[in-house]
Amino acid sequence: MLEIKNLHARIAEDGTEIIRGLNLTVKPGEVAAIMGPNGSGKSTLSYILSGRDDYEVTEGDILYNGESILDLDPAERAAKGIFLAFQYPVEIPGVATMQFLKVAMNEQRKARGEDELKTPDFMRLVKDAAAKLQINTDMLKRPLNVGFSGGEKKRAEILQMALLEPSLCILDETDSGLDIDALKIVADGVNALKSPDRATIVITHYQRLLDYIVPDTVHVLYKGQIIKSGDKELALELEANGYADIIGEAA
Amino acid sequence: MNIQTTNRLTAAESALIEAYNAQLGDLPGDGDVLVARDRLLDELKKAGLPTRRIESWHYTDLRNLLRAVPAAQAAPTLDLLAPVVAGSDVLPVLQGVASAARAPEGVTLRRFAESLLDGSAAASLTATGEDDAIGRINGSFVRDGFALTIADNAELERPLEIQAQHGAGQVHTRFPVTFGTHSKATVIERHASASADGALVSTISELTLNDGAEVTWIVLQQQGAADSHLGQMRINLGANARLRLFVINAGGKLVRQELRVEVTGEGADLTLRGVNLLGGDTHTDVTLVLGHNVPHTASTEIIRNVIFDRARGVFQGMIRVAQAAQKTDARMACNTLLLSDEADFSVKPELEIFADDVLCGHGATVADIDRNHLYYMLSRGIPQNKARAMLVYAFVAEIVEELEDEVLVEALESIISAWLEKHA
């Protein structure tokens with residue numbers, strides 16, 4: 001589903017290279033965890049996959065379902081089924097959450113040549129998905145993410161993911177700022193979306209989230225490269241011993 | 001031998017003087033009114049139109065910007081517009097002449113022309129200061145309008161819409177409105193053009209809010225692309241009076257909206273919200289002069305500007321807090337979305353504070369659309385153009401939503417959407 005080949009990327013503004021020859025393959029149905037110390041390039045990787053124009057790819061390629069997506073803008077990538085759940089979802093005053101959801105869903109449908117949703121159908125979808133994530137519908141009457149607590153923002157991200165039904169889900173530090181109850185709700189939401197033709201990339205600092213969203217593969221990112229890959233045991237090993245050993249091995 | 005420097009009259013200045021001479025004897029008014037008109041025109045002749053050298057006109061050099069003044073013309077045939085809020089009581093003013101209208105319960109209505117004819121309006125034909133060009137022009141030429149009195153304790157069920165419509169030519173109107181104690185009302189003062197040919201419009205609304213009156217007043221300026229609109233509000237807030245004043249500029253070629261507010265009763269509260277939708281090759285100026293004159297009064301001012309093309313905008317906000325006006329709470333903000341490299345916005349906040357126990361603040365921002373907001377929306381599959389339009393709309397709609405009255409909010413939001421669709 002996703003093939004990242006020898007990817008090099010830098011910050012557009014100052015040319016700082018962040019991703020330095022990264023290779024990664026994620027198959028349909030797979031849950032891949034990407035772990036790594038601070039500053040290793042985890043969030044940057046998620047931004048690059050989503051198409052943020054603050055970063056430039058200087059070498060290598062990203063293939064999604066066999067096609068390069070480097071020339072696509074974020075909206076085009078989203079319409080093709082790539083979804084990034086942000087570590088810090090932005091607050092957008094003045095844009096009503098419900099209107100935002102409806103426009104996003106319909107624009108993606110339009111881009112794929114599908115009919116727009118009728119309002120009652122849309123309302124029903126949102127209501128059902130919100131109930132599963134224990135989101136109070138009053139929250140959805142507010143402007144997008146404005147005044148949401150940290151936990152509410154993360155749940156709202158998963159709500160968007162559930163409604164947009166992407167085929168590649170990227171979760172950037174979705175566990176940060178969540179207490180254990182909220183973490184379970186969010187993880188249940190993610191697990192409910194698991195399917196044989198949907199892949200998930202979980203970016204995280206800590207093993208904790210991986211107790212709830214169990215990965216098929218674990219990859220250690222350091223200085224812009226994957227320096228070690230393994231199964232879920234690798235995450236436990238990292239939790240016990242830290243990154244130092246693995247970084248030492250790779251050096 | 002004396003060497004005199006005489007300013008040559010501009011085309012607009014000459015046209016104003018000629019127009020006055022041509023209409024002499026035709027302008028309504030008794031002897032006192034005529035004297036007042038003559039005096040104002042004389043002041044205008046002597047001072048000329050204000051230039052950038054007059055501080056309050058520094059960013060709007062009227063002498064330079066007002067290129068021509070169209071001759072007065074007879075009213076074209078104009079159909080009433082559907083009111084902004086369905087079911088409103090409409091008071092039509094066509095080409096500056098008030099039409100017969102029925103006053104709703106609790107409202108006394110009089111044509112301003114009658115007050116000119118019987119001389120009772122003479123005292124109000126004044127300039128409020130050396131720089132009051134609008135007062136001079138309007139006072140010289142005003143023909144009609146409506147004088148309204150809202151009875152004490154009256155609560156108007158439906159909004160009142162003053163619907164001022166015109167074609168090409170000249171329009172000079174006045175709207176003195178007195179709100180009785182503890183009365184409640186929503187008034188929409190709407191200015192719209194039915195012609196692509198330019199008009200010169202001057203209009204002054206004089207609002208007196210007596211004790212405890214609660215008023216929402218919306219100025220909706222939708223003039224034509226060739227029109228000059230010189231608007232002024234003279235407002236007095238009595239004790240515990242609450243005024244929500246919304247000024248929406250969505251038209252006109254050259255626009256100046258002066259808001260002169262005196263807070264004279266304790267406990268009074270002013271909420272000023274402005275939305276300036278600017279595009280094309282236009283110039284729009286909103287100038288506030290607000291005096292907090294007594295203790296324990298509050299005001300907030302938020303102006304939001306969206307600017308496309310080569311449009312230029314100005315906001316001047318002067319807040320004076322008198323020495324006696326302790327415990328004044330005044331907050332002013334002006335936020336601008338500059339959406340073109342050739343667009344331009346000037347902000348001049350001024351606080352003059354003579355009291356020592358007050359809360360006063362102001363802030364101004366000028367920005368393009370927030371990149372993070374845009375990226376977030378794109379990442380959800382909303383295409384660039386649509387995302388930008390939603391963000392621009394949100395920036396101004398946020399202000400309108402403060403009105404809380406759902407019907408009114410929807411009506412104004414649809415006006416904003418329509419404008420943005422046409423210009424963005």
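- In this view, Thr58(A) and His8(A), Arg10(A), Glu17(A) satisfy the side-chain contact (heavy atoms from CB on, under 4.5 Å) rule, not counting sequence neighbours.
- Heavy atoms closer than 4.5 Å to chain B are found nowhere in Leu101(A), neither backbone nor side chain.
- Interface remark: Pro143(A) contributes no atoms to any contact with chain B (heavy atom separation under 4.5 Å).
- Residues Met377(B) and Ile92(A) have side chains in contact (heavy-atom distance under 4.5 Å, counting atoms from C-beta outward).
- Residues of residues 191-198 of chain A never come within less than 4.5 angstrom of chain B, heavy atom to heavy atom.
- Nearest heavy atom pair, residue Pro383(B) against residue Ala75(A), reads CA-CB, 4.0 Å.
- The minimum heavy-atom distance linking Ala78(A) with Gly381(B) is given by the pair CB-N, 3.3 Å.
- Few gaps surround CG on Asp138(A); more than 12 heavy atoms of other groups in view lie less than 6.0 Å from it.
- Residues meeting the side-chain contact (heavy atoms from CB on, under 4.5 Å) test with Asp14(A), sequence neighbours left out: Ile11(A), Thr16(A).
- Across all non-hydrogen atoms, the minimal contact from Ile382(B) to Ala104(A) is CG1-CA, 3.8 Å.
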Interchain donor-acceptor contacts below 3.5 Å (chain A, chain B):
from      : atom 1 : to        : atom 2 : distance (Å)
Ser50(A)  : OG     : Tyr375(B) : OH     : 2.4
Arg52(A)  : NH2    : Asn372(B) : OD1    : 2.6
Asp53(A)  : OD1    : Arg371(B) : NH2    : 3.3
Asp54(A)  : OD1    : Arg371(B) : NH2    : 2.1
Ala75(A)  : N      : Leu378(B) : O      : 3.3
Leu84(A)  : O      : Arg380(B) : NH1    : 2.8
Leu84(A)  : O      : Arg380(B) : NH2    : 2.9
Glu91(A)  : O      : His373(B) : NE2    : 2.9
Gln108(A) : NE2    : Arg380(B) : O      : 3.0
Glu157(A) : OE1    : Arg380(B) : NH2    : 2.6
Glu157(A) : OE2    : Tyr376(B) : OH     : 2.3
Gln160(A) : OE1    : Arg380(B) : NE     : 2.4
Gln160(A) : NE2    : Tyr376(B) : OH     : 3.0

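- Residue contact with chain B, scored on non-hydrogen atoms closer than 4.5 Å, involves the backbone and the side chain of Leu84(A) alike.
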